[in-house]
Amino acid sequence: MLTADQARHLGEVRGSDLRDLMQQAATVKRQYWGDTVTYSRKVFVPLTNMCRDTCTYCTFVKHPSSPEANIMTPEQVMRTARQGEETGCKELLFSLGEKPELRYEQAKAALATLGYGSMVSYLADACEMVLRETTLLPHVNAGTLSDEEIDQLRPYAASMGMMLETTSRRLMKKGQPHYGCPDKAPVQRLRTLERAGQKKIPFTTGLLIGIGETWEERIEALEAINESHARHGHIQEVIIQNFQRKPGIGMENHPEPSLDDMLRTLAVARLILSHEISLQAPPNLSERHMEYLSAGINDWGGISPVTIDFINPQHRWPVIDELAQSTRQAGQKLEERLTVYPSYLREKTEFVDPVVLSKSKGLWEQMGSSAAVQSGGTL
């Protein structure tokens, strides 16, 4: 393991020293995760693209005055869910802007026409509908959540997620990417992380690197995630995501993190985080993503054979068969997993609602014990 103090001195490591660091991380990965790299076969449902936050690196969010702004109807949700079922998906990812009804009258009115006063209430019912009427397991990315909101979602979500992104309060200042974004205050993100742990939610979080944070702030964020997991045991995976320039965003000309920057961050994350936390990096945000395998990752995240990556629409998902072949060529094997990791279906079953647990175990058994050998063993 690497201490945070040791990691703070590695921000400029490169060349053979970087390769040595990556080798250490890869050794840890093999020891605890074997030669398997996993992914979740998912269908992506952007429940709403309205949001009260206006991050300057985001193209997903649309102002309510835009003709592209929308809230999906239950019928639209089910239509997409059925497409996922037909292509063998197991996960339905609900992704949505945060609390648009608190900022925009148009969003509030659109919700009201569906019979809801809050986006989270609608999301909870949408999750329940998917759980009841399909074979899919809902995973929820709803941003910051109160205790009451988590309680609404927990019975119907196999897992939940929220990118911590950064612990940097500097990035909330005027001219910075999180200016005027109340839900991006680090204290609010960390509180949601804690609430999820206290309420025993299998949780996904992670860092968005290259948006102006310092190396020290990255280490601080990794340390905060690891400490929360040590208290509650709820962090099932951490994503390291690289900022990508997109046309029309406020950060259109902002430099992207280099491959070396991504590799050193991944390696350090693997060496700081608890070994039982899965380390993930998105394969569609770098043409050289196969090099991530040498830095200790064990998961490619959710990949959809149906829907685009609505957060990064200009970056297509890899074809799963092609990713499997590339992973084999790198000396590892690609295997499918569920949105909820096996440890929460075996040792930590109190983290999953009984109805969701039963359905998850059924799907796992259908996939077969060799479908995703993570942390060893079968159910």
Side-chain angles (χ1 to χ4, degrees), residues 42-72 93-98 100 103-104 107 141-143 161-166 168 170-184 189 204-214 217-218 221 239-263 265-266 280-289 291-292 300-304 306-319 323:
K42 75 177 181 185
V43 59
F44 199 135
V45 172
L47 195 62
T48 183
N49 57 7
M50 292 183 282
C51 182
R52 70 170 175 172
D53 300 316
T54 53
C55 305
T56 56
Y57 48 75
C58 181
T59 56
F60 174 74
V61 169
K62 307 300 179 187
H63 190 275
S65 63
S66 168
E68 298 178 65
N70 79 302
I71 299 175
M72 292 179 70
L93 167 63
F94 278 111
S95 191
L96 58 152
E98 297 195 39
R103 181 170 182 174
Y104 301 111
N141 278 351
M162 176 208 66
M163 292 290 279
L164 175 58
E165 294 191 7
T166 180
S168 174
R170 291 184 306 101
L171 300 188
M172 300 286 296
K173 295 180 178 179
K174 191 170 184 177
Q176 296 298 320
H178 288 160
Y179 177 69
C181 301
D183 300 297
K184 294 304 175 77
R189 313 295 275 187
T204 293
T205 189
L207 277 57
L208 176 61
I209 72 166
I211 58 173
E213 81 291 347
T214 66
E217 287 164 342
R218 288 186 203 172
I239 304 167
I240 305 298
Q241 182 172 329
N242 48 314
F243 160 76
Q244 290 280 290
R245 288 192 295 260
K246 307 176 187 74
I249 62 172
M251 296 174 66
E252 185 174 1
N253 297 314
H254 188 81
E256 297 177 355
S258 67
L259 177 63
D260 275 3
D261 199 13
M262 189 68 174
L263 293 172
T265 305
L266 285 168
Q280 177 189 133
N284 62 320
L285 300 186
S286 172
E287 293 182 357
R288 299 175 67 181
H289 57 268
E291 296 195 38
Y292 297 166
W300 291 121
I303 299 173
S304 180
V306 181
T307 47
I308 65 169
D309 181 350
F310 288 94
I311 307 301
N312 298 281
Q314 75 276 35
H315 296 283
R316 73 173 185 90
W317 299 116
V319 176
L323 186 64

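These numbers were taken from a predicted model, which means no experiment stands behind them.
A heavy-atom distance below 4.5 Å is not found between the side chains of Ile239 and Leu207. Counting only heavy atoms from C-beta outward, the side chains of Leu208 and Tyr57 approach each other to under 4.5 Å. Contact check for Cys58 versus Ile249: no side-chain heavy atoms found under the 4.5 Å cut-off. A 4.5 Å side-chain heavy-atom check between Cys55 and Pro177 finds every atom pair outside the cut-off. Looking at His178 and Thr166, their side chains come closer than 4.5 Å, going by heavy atoms from C-beta outward. Contact annotation: the side chain of Asn141 approaches that of Leu93 to within less than 4.5 Å [non-hydrogen atoms, C-beta and beyond]. Residues Leu171 and Ile211 are in side-chain contact: their nearest non-hydrogen atoms beyond the backbone lie under 4.5 Å apart.
Of the possible polar contacts, one joining the Arg103 side chain to the Arg52 backbone as a donor-acceptor pair under 3.5 Å is found. Judged by distance alone, the side chain of Ser95 and the main-chain N or O of Pro46 form no donor-acceptor pair under 3.5 Å. Checked by atom type and distance alone, the side chain of Glu217 pairs as donor or acceptor with a backbone atom of Thr214 at under 3.5 Å. Here the side chain of Lys62 pairs no donor or acceptor atom with the backbone of Phe60 at under 3.5 angstrom. One N or O on the side chain of Thr265 and one on the backbone of Asp261 form a donor-acceptor pair closer than 3.5 Å.
The two residues Met262 and Ala281 make their nearest non-hydrogen contact at CE-CB, 4.1 Å. Nearest heavy atoms, Arg288 versus Glu291: NH2-OE2, 2.8 Å. The shortest heavy-atom contact between Pro318 and Pro283 is CG-CG, 3.7 Å. The nearest pair of heavy atoms linking Ser286 to Tyr292 is CB-OH, 3.2 Å. Of all heavy-atom pairs spanning Ile209 and Ile240, the tightest one is CG2-CG2, 4.2 Å. The heavy-atom pair separating Gly97 from Cys51 by the smallest distance is CA-CB, 3.6 Å.
Crowding of Tyr104 atom OH: a count of heavy atoms from other residues, nucleotides or ligands under 6.0 Å exceeding 12.
A side chain to side chain contact (heavy atoms under 4.5 Å, CB included) with Met72 is found for one member of Val45, Asn49, Leu96, Thr48 and no other, namely Val45.
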Pairs under 3.5 angstrom only: tabulate donor-acceptor contacts from the side chains of residues 250-257 to other protein residues two or more places apart or in another chain.
from   : atom 1 : to     : atom 2 : distance (Å)
Glu252 : OE1    : Gly248 : N      : 3.3
His254 : NE2    : Gly210 : O      : 2.9
Glu256 : OE2    : Arg245 : N      : 3.0

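Ion pair Lys184/Asp53 not flagged as a salt bridge, since none of the NZ, NE, NH1 or NH2 atoms sits closer than 4.0 Å to an Asp/Glu carboxylate oxygen.
Of the inter-residue distances, the one linking Thr54 atom OG1 with Tyr179 atom OH reads 9.5 Å to the nearest 0.5 angstrom. A distance of 11.5 Å separates SG of Cys181 from CD of Gln176, quoted to the nearest 0.5 Å. Between atom NZ of residue Lys173 and atom OG of residue Ser168 there is a gap of 8.5 Å, rounded to the nearest 0.5 Å. Between Thr204 atom OG1 and Met162 atom CE the span is 11.0 Å, to the nearest 0.5 Å. Taking CD of Glu287 as the start and CG of Leu259 as the end, the distance is 11.5 Å to the nearest 0.5 Å.
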Item to complete: Run the numbers on His289 and Leu323 for side-chain contact (heavy atoms from CB on, under 4.5 Å), then give the verdict.
Response: CA-CA 10 Å; His289 57 268; Leu323 186 64; 4.0 Å; yes
Discussion item. Working note: Val306 + Lys42, criterion side-chain contact (heavy atoms from CB on, under 4.5 Å); need CA distance, chi angles, decisive distance, verdict.
Written reply: CA-CA 8 Å; Val306 181; Lys42 75 177 181 185; over 6 Å; no
